[in-house]
Amino acid sequence: MAGRNRFVLVVEKALADFFRLEHGTRHEHHATVLAEPGRTLADVLRSDVPENSDVLVVAAADSLLTAPTVEIGPGRTVAAVRTGTGPLALDQTRSLLEALERTDPGEVQRHADALAEALAAAGGLRIEDPLTGSLAEAGFARPTWSRSDVGAFKPGAVQLAPTGRLRLATDVTGTTLSGQIAVKGWPVVHSRTGDDARRHELYEGLTGLSHHPLVLTVDDGTVTDLKAAASGSAAAATALESLFAEDPGHCAVSGVGFGLSPATQPLPFHTEANASATGRAKASVHVVLGALPRTPYQLTLACATSTVTAAGGTGALAGSGTETGEGGRPRRRMNRVTASSCGCH
């Protein structure tokens, strides 16, 4: 974080007994602010946090995880850690805080720059999954990055930790995306205005993707067909079909995301961790369906068995083709198998 000489920990009051601030040597002044139920981060910053502070927010309430730019001010650097719910929430939060300590923001920034430069030079990318035989291609004259949460935390904004997320916009003029994409891995269901119960229902319906792939057929950026590549992903197909019927805007593939944080582990139910974690790969790959606030929900679906290459290239840039095994050597890519004996029918 890049503030001045003051560090402030903002903790939701319900979590106060579980966090303690140990004074380090980087900041001269330290303070802890307990946020009462119903307070917003904007209110806390305005009344309890001096300007020119480094601020860490630990909270579950969305109202404490974002604030208008005018309330943050140019001198405050604000990092926010979303806590989950349930018996594993504190363990997950500890994992995220430890990941923050281990992360080298310069390394993440260099990796993001190299990936962006490679795709810009190629004018497109390929997403290929040898397990299901899926292949999709995106093309663009110049890539548009709709999200770039990489490098060090910067003053003037609230950034959700962990950082390490890069997203190529695929719903903009001049960018095309068509083919088949296999999604597999922990899903992320994000919402600002959608019903909370419905959000949980969607998540539960998609959890089969953590073990079983689902193939999306995409035509010029729109999902036109779903095929369960294993019996365990049939429920996920049903959940998506239901969502598409409610609002066809969710059929739009708004982005291809890359997770660039090697220090972060994927965590069930945690939006930022699942979108940022690289897993065993050099970078993880995701597709994003819908786009807040145009649609009530935004889904980030992992492509854990897919590999991304630059258009016209053969070297893996992200995904399973960049995974390392023993000795740190990249895992060999699987040969494509389309016969019924592949085990994915």
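Nothing fancy with the numbering, it's 1 onward along the sequence.
- Summarising the geometry of Asp91 relative to Arg94, their closest heavy-atom pair is OD1-NH1, 2.9 Å, with the distance given to 0.1 Å.
- In this structure, Asp48 and Arg39 have side chains that are in contact, with non-hydrogen atoms separated by less than 4.5 Å.
- Using modelled atom types, no side-chain atom of Thr322 and backbone atom of Ala318 make a donor-acceptor pair closer than 3.5 Å.
- One N or O on the side chain of His270 and one on the backbone of Arg82 form a donor-acceptor pair closer than 3.5 Å.
- Once rounded to the nearest 0.5 Å, the distance linking OG1 of Thr278 with CD of Gln265 reads 7.5 Å.
- Taking the side chain as every heavy atom from C-beta outward, Cys303 and Asp129 never approach each other to under 4.5 Å.
- The local environment of CD in Glu98 is crowded, with over 12 non-hydrogen atoms from other residues, nucleotides or ligands closer than 6.0 Å.
- Listed here is the closest heavy atom pair of Ala80 and Val158: CB-CG1, 4.0 Å.
- Between the side chains of Thr300 and Arg165, no donor-acceptor pair is found at a separation under 3.5 Å.
- With hydrophobic clusters built from ILVMFWY side chains whose heavy atoms lie under 4.5 angstrom apart, Leu115 shares a cluster with Phe140.
- Considering OG of Ser134 and CG of Leu216, their distance stands at 8.5 Å, rounded to 0.5 Å.
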task: Go through the steps for Leu100 and Phe153 under the test side chain to side chain contact (heavy atoms under 4.5 Å, CB included), then give the verdict.
output: CA-CA 11 Å; Leu100 278 177; Phe153 292 100; 3.9 Å; yes

field: Chi angles and distances behind the side chain to side chain contact (heavy atoms under 4.5 Å, CB included) call for Arg126, Leu135
entry: CA-CA 7 Å; Arg126 291 162 55 96; Leu135 172 65; 3.7 Å; yes

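- The CG atom of Leu289 sits 7.0 Å away from the OG atom of Ser254 when rounded to the nearest 0.5 Å.
- When side chains are defined from C-beta on, Pro162 counts as touching Thr264, because their heavy atoms get closer than 4.5 Å.
- Listed for the Tyr297 side chain is a donor-acceptor partner under 3.5 Å among the backbone atoms of Asp195.
- Val172 and Val288 fall into different hydrophobic clusters, where Ile, Leu, Val, Met, Phe, Trp and Tyr side chains are chained together by heavy-atom contacts under 4.5 Å.
- At a threshold of 4.5 Å between side-chain heavy atoms, the hydrophobic network of Ile, Leu, Val, Met, Phe, Trp and Tyr places Leu243 and Leu292 in two separate groups.
- Connection of Leu226 to Leu301 is established within a shared hydrophobic cluster, with ILVMFWY side chains joined at heavy-atom distances below 4.5 Å, either directly or through further cluster members.
- With sequence neighbours excluded, the residues forming a salt bridge (charged side-chain N to carboxylate O under 4.0 Å, His left out) with Glu246 are Arg198, listed by chain and number.
- Note that CG of Leu206 is 5.5 Å distant from CG of Leu209, once rounded to the nearest 0.5 Å.
- Residues Val58 and Thr83 are in side-chain contact: their nearest non-hydrogen atoms beyond the backbone lie under 4.5 Å apart.
- Scanning all heavy atoms of the two residues, the minimum distance from Pro74 to Pro155 falls at O-CB, 3.3 Å.
- Defined by atom type and a distance below 3.5 Å, a donor-acceptor pair is missing between the side-chain atoms of Asp149 and Thr163.
- Relative orientation of the Phe7 and His30 rings is tilted, given thresholds of 30° and 60° on the angle between their planes.
- Within a 6.0 Å radius of NE2 in His200, other residues, nucleotides and ligands contribute more than 12 heavy atoms.
- Interatomic distance, Glu241 CD to Asp225 CG, rounded to the nearest 0.5 Å: 8.5 Å.
- Judged purely by atom type and a 3.5 angstrom limit, Ser320 uses its side chain to pair as donor or acceptor with the backbone of Thr305.
- Smallest separation of non-hydrogen atoms from Ala310 and Leu317: N-CD1, 3.7 Å.
- The shortest distance between side-chain heavy atoms of Asp247 and Pro296 falls below 4.5 Å.
- Ser178 contributes no side-chain N or O that, together with a main-chain N or O of Asp219, makes up a donor-acceptor pair within less than 3.5 Å.
- Here the closest heavy-atom approach between residue Ala291 and residue Asp171 is recorded as CB-OD2, 4.4 Å.
- Both Leu21 and Leu96 are members of a single hydrophobic cluster when ILVMFWY side chains are connected at heavy-atom separations under 4.5 Å.
- Distance alone, capped at 3.5 Å, places no donor-acceptor pair between the Ser233 side chain and the Ala236 backbone.
- Note that CD of Glu137 is 8.5 Å distant from OG1 of Thr309, once rounded to the nearest 0.5 Å.
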query: Stepwise, does the side chain to side chain contact (heavy atoms under 4.5 Å, CB included) test hold for Val308 with Phe258?
result: CA-CA 10 Å; Val308 170; Phe258 300 95; 4.2 Å; yes

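- In the model, Ser53 has no side-chain atom that pairs as donor or acceptor with a side-chain atom of Arg76 under 3.5 Å.
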field: Arg110 and Asp104: CA distance, side-chain angles, deciding distance, side chain to side chain contact (heavy atoms under 4.5 Å, CB included) verdict
entry: CA-CA 10 Å; Arg110 288 188 292 273; Asp104 179 349; 4.2 Å; yes

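- Of all the heavy atoms in Leu214 and Ala237, the pair that sits closest is CD1-CB, 3.8 Å.
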